[in-house]
Q: 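Please see the structure below; I have some questions.
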Amino acid sequence: NAGVTQTPKFQVLKTGQSMTLQCAQDMNHNSMYWYRQDPGMGLRLIYYSASEGTTDKGEVPNGYNVSRLNKREFSLRLESAAPSQTSVYFCASSEREVGAGRRQYFGPGTRLTVT
Amino acid sequence: RKEVEQDPGPFNVPEGATVAFNCTYSNSASQSFFWYRQDCRKEPKLLMSVYSSGNEDGRFTAQLNRASQYISLLIRDSKLSDSATYLCVVTRNTGGFKTIFGAGTRLFVKA
């Protein structure tokens with residue numbers, strides 16, 4: 001089992017460029033999440049998908065879009081990258097929405113720099 | 001004020017020491033609580049869930065105090081391999097599902 005995989009691992013974009021971050025999980029989990037992590041701050045939830053076919057905004061959704069392509073895959077798209085989106089992006093999954101004892105499994109992260 | 005607050009540290013302790021971290025949360029509707037561990041430039045990994053009755057996993061003990069709205073993590077007999085950042089995580093489902101991470105507490109265990 002690979003768990004949660006993310007591509008790419010690193011990316012440099014110019015302001016205004018677009019890109020899609022890919023995430024896949026092989027644990028048959030229902031829920032998937034996208035977070036960003038900035039220095040000195042906790043991970044912040046961008047979007048999540050409680051189940052296939054549904055997506056909802058998290059704490060910091062502006063400037064991002066998501067697609068739950070199927071049960072395994074959940075992608076994050078930056079339509080017009082801005083320097084403020086320079087961050088480390090983590091994808092995560094859980095069997096169901098995180099509750100008592102329901103852990104999230106994280107991918108290795110994508111380090112994105114926008115110049 | 002952040003919804004989940006942690007002392008950023010760093011905590012510098014010798015091997016074998018006992019160290020405790022606290023985390024406070026401000027929303028009384030918070031439902032589930034976790035401690036995650038994050039090594040430098042790596043992804044967070046679950047250390048333990050935190051239950052109202054308190055729970056222990058080897059050298060690690062977690063406690064929840066709902067009345068005072070804080071959770072704690074106690075590490076006994078610290079090992080060099082315990083050096084990491086410890087993240088406090090709180091979830092709730094009021095006004096939509098929310099997972100809130102603390103900024104983390106850095107721990108360095110020295111030989």
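Convention: sequence-line order gives letters A, B, ...; per-chain numbering from 1.
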Q: Extract all donor-acceptor atom pairs below 3.5 Å that involve side chains of residues 106-115 of chain A and protein atoms in other chains or at least two apart in sequence.
A:
unit_1: A:Thr110; atom_1: OG1; unit_2: A:Pro8; atom_2: O; d: 2.6
unit_1: A:Thr115; atom_1: OG1; unit_2: A:Leu13; atom_2: O; d: 3.4

Q: Sort B:Pro8 into side chain, backbone, both or neither according to what part of it lies under 4.5 angstrom from a heavy atom of chain A.
A: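 Neither part.
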Q: Hey, could you give me the CZ/CE distance between A:Arg103 and B:Met48, rounded to the nearest 0.5 Å?
A: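 Here the rounded value is 12.5 Å.
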Q: Given that the side chain runs from C-beta out, which part of B:Arg41 has a heavy atom under 4.5 Å from chain A: side chain, backbone, both or neither?
A: both
Q: Within a radius of less than 6.0 Å around CD of A:Gln22, do more than 12 heavy atoms belonging to other residues, nucleotides or ligands occur?
A: yes
Q: Working to the nearest 0.5 Å, report the span between CD of A:Gln104 and CZ of B:Phe101.
A: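 Spacing of CD (A:Gln104) from CZ (B:Phe101) equals 5.5 Å.
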Q: For chain A, find its close neighbours in residues 102-111 of chain B: heavy-atom separation under 4.5 Å, sorted by number, or none.
A: B:Gly102, B:Ala103
Q: Given that the side chain runs from C-beta out, which part of B:Gln38 has a heavy atom under 4.5 Å from chain A: side chain, backbone, both or neither?
A: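 For B:Gln38, side-chain heavy atoms alone lie under 4.5 Å from chain A.
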Q: Is there a chain of hydrophobic side chains (I, L, V, M, F, W, Y, each step under 4.5 Å between heavy atoms) that links B:Val4 to B:Leu87?
A: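 Per the 4.5 Å side-chain linkage, B:Val4 and B:Leu87 are not co-clustered.
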Q: Would a single hydrophobic cluster contain both A:Val88 and A:Leu43, if residues Ile, Leu, Val, Met, Phe, Trp and Tyr are joined by side-chain heavy-atom contacts under 4.5 Å?
A: yes
Q: Could you state whether A:Phe74 and A:Tyr89 fall into the same hydrophobic cluster, counting links through intermediate Ile, Leu, Val, Met, Phe, Trp or Tyr residues with side-chain heavy atoms under 4.5 angstrom apart?
A: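 Result: yes, single cluster for both.
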Q: Working note: A:Leu45 + B:Ile100, criterion side-chain contact (heavy atoms from CB on, under 4.5 Å); need CA distance, chi angles, decisive distance, verdict.
A: CA-CA 8 Å; A:Leu45 185 63; B:Ile100 303 100; over 6 Å; no
Q: Can you name the closest pair of heavy atoms from A:Phe90 and B:Lys42 and give their distance?
A: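 Taking every non-hydrogen atom into account, CZ-O, 3.7 Å.
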Q: Return yes if some donor-acceptor pair links the side-chain N/O of A:Tyr33 with the main-chain N/O of B:Thr99 below 3.5 Å, else return no.
A: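 Side chain of A:Tyr33 to backbone of B:Thr99: no pair is present.
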Q: Give a yes or no on whether B:Lys45 atom NZ has more than 12 heavy-atom contacts from other residues, nucleotides or ligands under 6.0 Å away.
A: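 12 or below, so no.
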Q: For the hydrophobic clusters of this structure (ILVMFWY residues joined by side-chain heavy atoms under 4.5 Å, transitively), does one cluster hold both A:Leu21 and A:Tyr47?
A: yes
Q: Linking I/L/V/M/F/W/Y whenever any side-chain heavy atoms sit under 4.5 Å apart, do A:Tyr35 and B:Trp35 land together?
A: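 In one cluster with A:Tyr35: B:Trp35, no.
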Q: Which other residues end up in the same hydrophobic cluster as A:Val4, if Ile, Leu, Val, Met, Phe, Trp and Tyr are linked when side-chain heavy atoms come under 4.5 Å apart?
A: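 Listed partners: A:Met27, A:Tyr105.
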Q: What residues of residues 18-25 of chain B sit under 4.5 Å from chain A when you count only heavy atoms?
A: none
